[in-house]
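As structure tokens, the structure follows; a few thoughts come after it.
The chains referred to below are lettered A, B, ... by the order of the sequence lines, with proteins before strands, and numbering in each begins at 1. Values in this document were obtained by computation on a predicted structure and should not be read as measured data. For the numbers below, each heavy atom of this structure counts, side chains included, while hydrogens, waters and symmetry mates do not.
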Amino acid sequence: MKTRAAPYRCAGGLHPVYHKSLTAAAATIPLELPSTLVISLAQHLGAPARPLVKKNETVGRGQPLAEPAGFISAWIHAPTSGKIKAIDEQWTAAGRRATVITMESDGEDRWADGYPQPPLPADADRKQQIDRVAAAGIVGMGGAGFPTHVKLSPPPEKAIDTLIINGAECEPYLTADQRMMVEDADRLRQGIDRIRRLLGTPAVRIAIEDNKPDAVKAIQQALSSLDGDVEVMVLPSAYPQGAEKQLIYSVTGREVPSGGLPMDVGTLVENVGTTLAVADALDSGLPLTERVMTATGDALSQPANLRVRIGTPFDKIIEHCGGTKTPPAKVVCGGPMMGTALPSLAAGVCKTTSGLLLMPQDTVHFFESMACIRCGRCVNYCPMRLMPCTLSEGGEAEDDELLEEYRILDCIECGSCAYVCPAHRPMVQHMKNSKARIALIRRERELTKQRTS
Amino acid sequence: MSGYLLLIISAVLVNNFVLTRFLGICPFLGVSRKMATAIGMSGAVVFVMTLAAAVTWLLEHYALAPFDLAYLRTIAFILVIATFVQFVEYLLKKFSPTLHQGLGLFLPLITTNCAVLGLAVLNIREGHRFMEALVFALGAALGFALALILFTSLRERIDRANPPQAFRGAAIALITAGLLSLAFMGFAGLVKI
Amino acid sequence: MLPLIVPLAIITSTAVIGLTGLGCGLLLAMAARFLAVREDERIEALTECLPGINCGACGMAGCGDYARAIIEDDAPVNLCKPGGEETLKAICAYLGIEAQAGEREVALVCCGGHNGLAKHQATYNGIADCIAAERIGGDGKACPFGCMGLGSCARICPVNAIEITEQRLAAVHPALCIGCGACVKACPRNLIGMVPESRKVHILCRSTDRGPVVRKYCEVGCIGCNRCVKAVGKKGITMDGALAVVDYTVPIEDVSVAETCPQSTIVVRDGRKENAS
């Protein structure tokens, strides 16, 4: 095993103030079991899950609450034992309304019958292992929430030769991945070993930004026993270095084609948290019912890294962290760059929630958005080499032809353009809005094509 | 040969019909909203101008001049131009209905496009020979196309760029046209014929 | 008697222009014959029915475009304002459909929760457009069904009949509304409906949440208490889950039903009177 600096450097990239010192050295503490849990059924990319339980039903920990409603969807399990109180529409951590299961914990935290499942031996059938990952409800825990079992079963013509473990954590404030690498390096090794065997032993690259020397050290120690082509890649800190496509370029020099997937260039990227969840599912038979997240921000009394059950309401987390120092002006689910502002604190932690950020009044500004002044800073900083200024104007004018020509669908919504824009234009919202509209138009076009043919 | 080249350069850049002689402003402002229609319009104008120049030159030299009928020039020329415009309209309707719809009213208006008539009259006044007249017509039409396409690409961007309320639409378009015209003044003196 | 002397100039000029004209005419005649395109004659006939002033009040580029929209896109036949009833009759006669004896329909925004009455749970700092806001979870209004007041409907209205009040609520001026229905499609929360102009009783809420939930976020939201349905004897108002809905096919004569609503969700509004004033 070797350690070396990443050979390539992705386009754009900025250097926000990281604020990671708030929690970088804080050991992960398990949060006490909350009395009420709010579990969204739309925690992943793709179709929301279909509920399997009824009101007033008693469930044990690990019991499936909802089943996948399509190929790109995921199982959702009871985070603890208790009783289902309600199934209705509520605001979720994703900032939209979705079906939500509210359950009351009975405090016993008793596993459901048959859970935890027996571990699968390392030489188990490939399909069996992927099915176990799917049944554990594992999705990409870095934030995108793409179902992991889909990623792990690429079509046979797309061979994966490089497995990249994403420990870059380029979002400011967040330190959950860093703590996982420091504290759970051994389990991470198991996870890496499992995934690379599943894929047919490709090369493994663990990408870590250079502002996390403790994580680099821990990983080096833990992985020294791993044979084969394994390398720790140290990346220079920059945002958004940890975005999938940027990471692939930095580590391998390969560019994912427009509209393509990492598997098109023979790579697979897994987040640290996801890798640990895979290890849990295969070696201990645990479904995904908890995750590590960072509760932080200058408005929070005691910032901490927490191991929380999925569905823990955000107000419980704030309470556990000693409440607020100053009244927060903005509560963000996730990091400050890509996270979404929470409309309600009653929502619960999702599988993709990597952080909870409370920003005090003096760091939140109410922006009056102005016309683009064509300074071109967003073009300099865009990691996808797009022209955000043109795209945002095209979005305002609803010029969909122009938007498609300028490849708006390649936008990764990293927020670099909005961060540097001197006219305070809501760039990311423009992108999201235009992308949603174009996706809608494309779907309609396809429907009419089907109808006519 | 170099004479023809100079003629083209002079018609395209130095004495650009739209931006220096201020002929054909109507379609210049009217069809500059979208690039696709602007290109279509340019194509139609190139077609009409070149053919009309050829036919009007023949008409002048073999019908009007021998019988001393110079006073009928305007009527005869308009007749020819109108025919060609109508012909183009038929062609477009048949082969590109979308472009036909995009050009709308401005297609029949080429008939009264002063650039076309102006060119035919200029050809006579300058005493061009037949080939010269054709080359001059081609140059003038290309100049019109250049101006229209430049202006359209500017306008497409301006439409997206949120100008202040009072400037939106025709106001900012006219200012832009003025600036573009000033820019073309820079070519003055490039070619001396 | 004077001898008829025709100057040579008249003959030559007539001949030259006449021959040129003849040549041009022949060319065009051939072009018309060989380049002819079959056009939908219904569109031409319908264009004849319209006034031909190309005013654009229907929202299309002109009368011809509107005629095309009627045939190809099933546009409503009653959009021509200047033509009025006569044009409508002519169009209907041509298309062979019954002239909608019905009355004029106007748009109605089914939300009464302006900023003073409906709670906001967050502040919105983004694109001032309802559709854009809805895609990221709304404008911070706690009610997920209520009017965001960012004006997508007002911007799409061809006749500026929709006003966004100071309290951030869209309001349609029935006198100005031409009933084109563009706002109905524009509203991302489906709050706008077309209602017959003469109807007076309206329920200004589309929240399907249960009563206790509605009470938490809006002072004038429908809580599904059923009182209005009982008061009208199920004629004209029906329940859709926890939401009372006016059935505009059945006129409600007794406007006192509004008084039974504990939330003041039901309003009595006479569109025609507003027209007169």
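How far CG of C:D209 is from CZ of A:R97: 4.5 Å, rounded to the nearest 0.5 Å.
A heavy-atom distance below 4.5 Å is found between the side chains of A:D88 and C:R210.
Looking at C:A142, only its backbone comes within 4.5 Å of chain A, counting heavy atoms on both sides. For A:H430, the parts sitting under 4.5 Å from any heavy atom of chain C are the backbone and the side chain alike.
In this structure, the side-chain contact (heavy atoms from CB on, under 4.5 Å) partners of C:Y248, at least two apart in sequence or on a different chain, are C:L108, C:V195, C:P196, C:R199, C:H202, C:V246.
The only member of C:N125, C:D129, C:I127 that meets side chain to side chain contact (heavy atoms under 4.5 Å, CB included) when paired with A:Q429 is C:I127. For the side chain to side chain contact (heavy atoms under 4.5 Å, CB included) test with C:R135, the passing option among A:K432, A:K435, A:R437 is A:R437; the others fail.
Shown here is A:E57, whose CD atom has more than 12 heavy atoms of other residues, nucleotides or ligands within 6.0 Å.
The heavy-atom pair separating C:K141 from A:W91 by the smallest distance is O-CZ2, 4.0 Å. Taking each heavy atom of C:Y124 and A:F366 in turn, the nearest pair found is O-CZ, 3.6 Å.
Counting only residues at least two apart or in different chains, ring-ring contact (aromatic ring centres under 6.0 Å, His included) contacts with residues 323-355 of chain A are absent.
Of the listed residues C:P144, C:G126, C:A122, C:A133, the one with more heavy-atom pairs under 4.5 angstrom with chain A than any other is C:P144.
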